[in-house]
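Naming: A, B, ... by sequence-line order, numbering from 1 per chain. When reading the values below, keep in mind they use all heavy atoms of this one structure, side chains included, and skip hydrogens, waters and symmetry mates. Remember, it's a predicted structure, so these values are computed and weren't measured experimentally.
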Amino acid sequence: MDLEMVKYLAKLGKLSFTDEELEQAVKDMTSIIEIMDTIKEIDITYDPLKDNHNVYLKDLRKDEAMPSLPTDKLLMNAVNSESCFVVPKVVE
Amino acid sequence: MDVTSLTIKEQHKMLDSKEISAAELANSYLVRIAEKEPSVKSYIAVTPEAAAKTAEAAQKKIDAGESTPLCGIPLAIKDNICTDGIKTTCASRMLENFIPPYNATVMEKLNAENIVILGKTSMDEFAMGGSTQTSAFKKTRNPYNTERVPGGSSGGSAAAVSANLCTAAIGSDTGGSIRQPSSFCGVTGLKPTYGRVSRYGLVAFASSLDQIGPIAKCAEDCGTILNAIAGYDYHDGTVSKLPVDDYTAKIGMDMKGVKIALPAEFYAQGIDDDVKTAVLSAAQKYKDMGAEIIDCSMPSLKYAVAAYYLISSAEASSNLSRYDGIKYGHRSDVSGNYNDLIIASRSEGFGDEVKRRILLGNYALCSGYYDAYYGKAMALKQKIREEYTQIFEKCDLVLTPTAPTVAYGINENIDDPAKMYQADICTVTVNIASLPAISTTCGYNGDGMPIGMSLIGKMWDEATVIGAADAFEKTFTRTEPKI
């Protein structure tokens with residue numbers, strides 16, 4: 001785990017770090033990946049056919065419209081909301 | 001008599017016989033919280049107004065002769081479970097001001113039973129941690145020794161039950177987050193089978209592993225709460241439609257002939273001698289009750305922590321991508337474009353441990369590493385499940401320590417995330433295999449710190465897990481913390 005990899009992972013996660021934080025993240029991630037690497041010792045393969053992912057496909061609910069939350073409730077936690085979600089300008 | 005030290009069953013009896021009113025019972029806790037909470041720091045928010053309102057509604061039911069087992073019982077709720085109109089912060093700056101516009105299904109079910117809500121309990125941020133020291137708001141202390149951690153991530157819930165700051169509490173368990181703090185705080189915590197309790201309204205950490213469950217003073221109380229919260233939910237497609245059992249049905253069960261397996265790997269290197277001795281002595285007690293103790297093996301245990309952290313972090317990195325500072329959650333004041341806003345909001349809102357999990361999850365899922373990490377972890381998930389299936393062909397229950405050690409010091413391990421992760425070795429396989437498990441106290445070490453043991457059951461067999469834990473509890477004298 002090197003600095004470039006941590007910067008890449010941070011970019012994927014839409015996170016920014018200071019130089020000092022990046023340095024610490026490299027140290028932490030290096031020791032964490034050492035633990036994760038233990039699984040390289042074992043030679044097994046995932047069989048997706050054996051896994052139902054805990055979803056009960058026979059009992060899926062009907063595809064039908066149900067009552068939704070009112071707009072004011074959906075907007076109550078948005079900052080700068082004026083009956084809509086406000087975002088920075090995206091079109092020049 | 002101090003009513004705050006009583007169980008749900010004992011309080012229910014007092015409420016029904018009008019020895020105490022729901023408001024008086026709630027008040028006893030609020031008075032104790034005012035006195036003890038500053039040293040325990042278990043609540044992110046105490047909700048006296050909600051307590052008064054729910055106590056009034058409960059009293060009406062009691063007076064009308066329509067009481068249920070949880071009617072008027074004061075409970076605390078982990079702060080990652082959505083409570084309509086009551087802040088749900090997940091112990092994160094990201095959700096510091098988040099007021100859910102709806103109730104989690106478990107809250108709807110508990111409200112239908114007329115519980116009294118005392119407040120929202122602290123936890124590790126987004127349930128990521130085992131010490132409650134990653135909480136952005138309340139770094140909870142262990143009631144047995146306030147210089148030690150309560151465990152986590154449901155550390156606030158476990159500490160509140162332990163210190164008699166609520167009758168029982170609701171927690172969530174992704175890799176041990178109900179059982180390990182229950183062990184550290186000397187109380188009883190149940191992680192139900194995956195799919196037994198709805199996750200709708202539980203702030204998502206790792207969706208294939210998360211499960212809500214109770215933390216209480218005894219196994220029977222856990223069963224009473226599970227009776228109320230289990231069952232199908234339209235809003236959560238992973239909840240089973242299997243009928244809900246009476247989870248207190250096996251209270252008082254005869255342990256004669258019950259087969260209990262002890263996987264050797266759970267008693268090997270890395271487990272403190274005090275812990276090993278206490279759990280093995282509990283196994284002997286079961287043997288004395290007529291249970292059959294069986295030796296067995298789980299060879300994949302040494303890979304379990306890695307498999308768990310890869311799967312849970314992969315899911316977390318995906319689940320947490322919803323926090324963009326726009327619809328809800330922390331929004332940065334930084335000016336810039338759409339992307340700048342998202343990056344700044346996330347970087348300011350999430351704490352260090354949450355960021356580490358996002359980095360690890362992205363690593364496990366990113367191109368070139370996916371098969372070696374996430375794919376291999378999923379293969380191990382299948383292998384661990386197979387090993388449990390083989391073990392359960394020969395036994396009814398599996399007995400293990402809940403944690404390798406007792407509660408450690410507040411500042412220990414905090415700067416060593418890798419060491420913290422390895423401490424989850426005793427609990428993570430249960431989540432990986434979707435099984436039910438309970439942790440109850442089986443002893444105390446020389447410093448008086450509680451030691452927990454876990455009874456793991458077959459899928460959907462919570463009744464046996466609870467019955468067997470109750471059988472042990474009836475032979476064991478619990479020492480209350482001197483808080």
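- Of the atoms belonging to Thr45(A), it is backbone heavy atoms, and not side-chain ones, that fall under 4.5 Å from chain B.
- Looking at Met76(A), the atoms closer than 4.5 Å to chain B (heavy atoms on both sides) all sit in the side chain, from C-beta outward.
- Here Ile42(A) contributes atom CD1 and Ser300(B) contributes atom OG; the two are 5.0 Å apart, rounded to the nearest 0.5 Å.
- Among Tyr421(B), Tyr102(B), Tyr234(B), the residue with the largest count of heavy-atom pairs under 4.5 Å with chain A is Tyr234(B).
- To the nearest 0.5 Å, the span separating CD on Glu41(A) from NZ on Lys302(B) amounts to 5.5 Å.
- The OG atom of Ser16(A) sits 7.0 Å away from the NZ atom of Lys355(B) when rounded to the nearest 0.5 Å.
- Atom CZ of residue Arg61(A) and atom OH of residue Tyr232(B) lie 7.0 Å apart, to the nearest 0.5 angstrom.
- Taking chain B as the reference chain and counting heavy-atom pairs below 4.5 Å, the highest number among Asp72(A), Val6(A), Asp28(A) is found for Asp28(A).
- Ranked by non-hydrogen atom pairs under 4.5 Å with chain B, the options Lys11(A), Met66(A), Lys89(A) are led by Met66(A).
- Among Leu74(A), Leu75(A), Asp37(A), the residue making the largest number of heavy-atom pairs under 4.5 Å with chain B is Asp37(A).
- No more than 12 heavy atoms of other residues, nucleotides or ligands sit less than 6.0 Å from atom CD of Gln269(B).
- When Met1(A), Glu21(A), Gln24(A), Lys27(A) are compared by the number of non-hydrogen pairs under 4.5 Å with chain B, Met1(A) comes out ahead.
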Evaluate Phe350(B) against Leu15(A) for side-chain contact (heavy atoms from CB on, under 4.5 Å), listing each step before the verdict. CA-CA 9 Å; Phe350(B) 291 138; Leu15(A) 293 169; 4.1 Å; yes

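- Sparse packing is recorded around CG of Asp19(A), with 12 or fewer heavy atoms of other residues, nucleotides or ligands lying under 6.0 Å away.
- Annotation for Lys50(A) and Glu386(B): closest pair NZ-OE2, 2.8 Å, computed over non-hydrogen atoms.
- Here the closest non-hydrogen pair linking Lys383(B) and Ile44(A) is CD-CD1, 4.1 Å.
- Taking Ile32(A), Val90(A), Leu69(A) one by one and counting their heavy-atom pairs under 4.5 Å with chain B, the maximum is reached by Ile32(A).
- By number of non-hydrogen pairs under 4.5 angstrom with chain A, the leading residue of Asp371(B), Leu359(B), Ile342(B) is Leu359(B).
- Rounding to the nearest 0.5 angstrom, the gap separating the NZ atom in Lys14(A) from the CG atom in Leu320(B) is 15.0 Å.
- The minimum heavy-atom distance linking Gly375(B) with Tyr46(A) is given by the pair O-CB, 3.6 Å.
- Listed here is the closest heavy atom pair of Ile39(A) and Ala307(B): CG2-N, 4.3 Å.
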List the steps and the verdict of salt bridge (charged side-chain N to carboxylate O under 4.0 Å, His left out) for Asp84(B) and Lys73(A). CA-CA 10 Å; Asp84(B) 192 356; Lys73(A) 277 210 150 193; 3.3 Å; yes

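- With chain A as the partner, the residue from Ile358(B), Leu380(B), Asp340(B), Leu341(B) showing the most heavy-atom pairs under 4.5 Å is Leu380(B).
- Taking a 6.0 Å sphere around CG of Asp2(A), one finds it holds more than 12 heavy atoms contributed by other residues, nucleotides or ligands.
- Residue contact with chain A, scored on non-hydrogen atoms closer than 4.5 Å, involves the side chain of Tyr369(B) exclusively.
- Using a 4.5 Å cut-off between heavy atoms, Lys327(B) contacts chain A through both its backbone and its side chain.
- Each of Tyr338(B), Tyr328(B), Phe98(B), Tyr363(B) has some count of heavy-atom pairs under 4.5 Å with chain A, and the biggest count is that of Tyr363(B).
- For the pair Asn77(A) (side chain) and Ile99(B) (backbone), a donor-acceptor distance under 3.5 Å is present.
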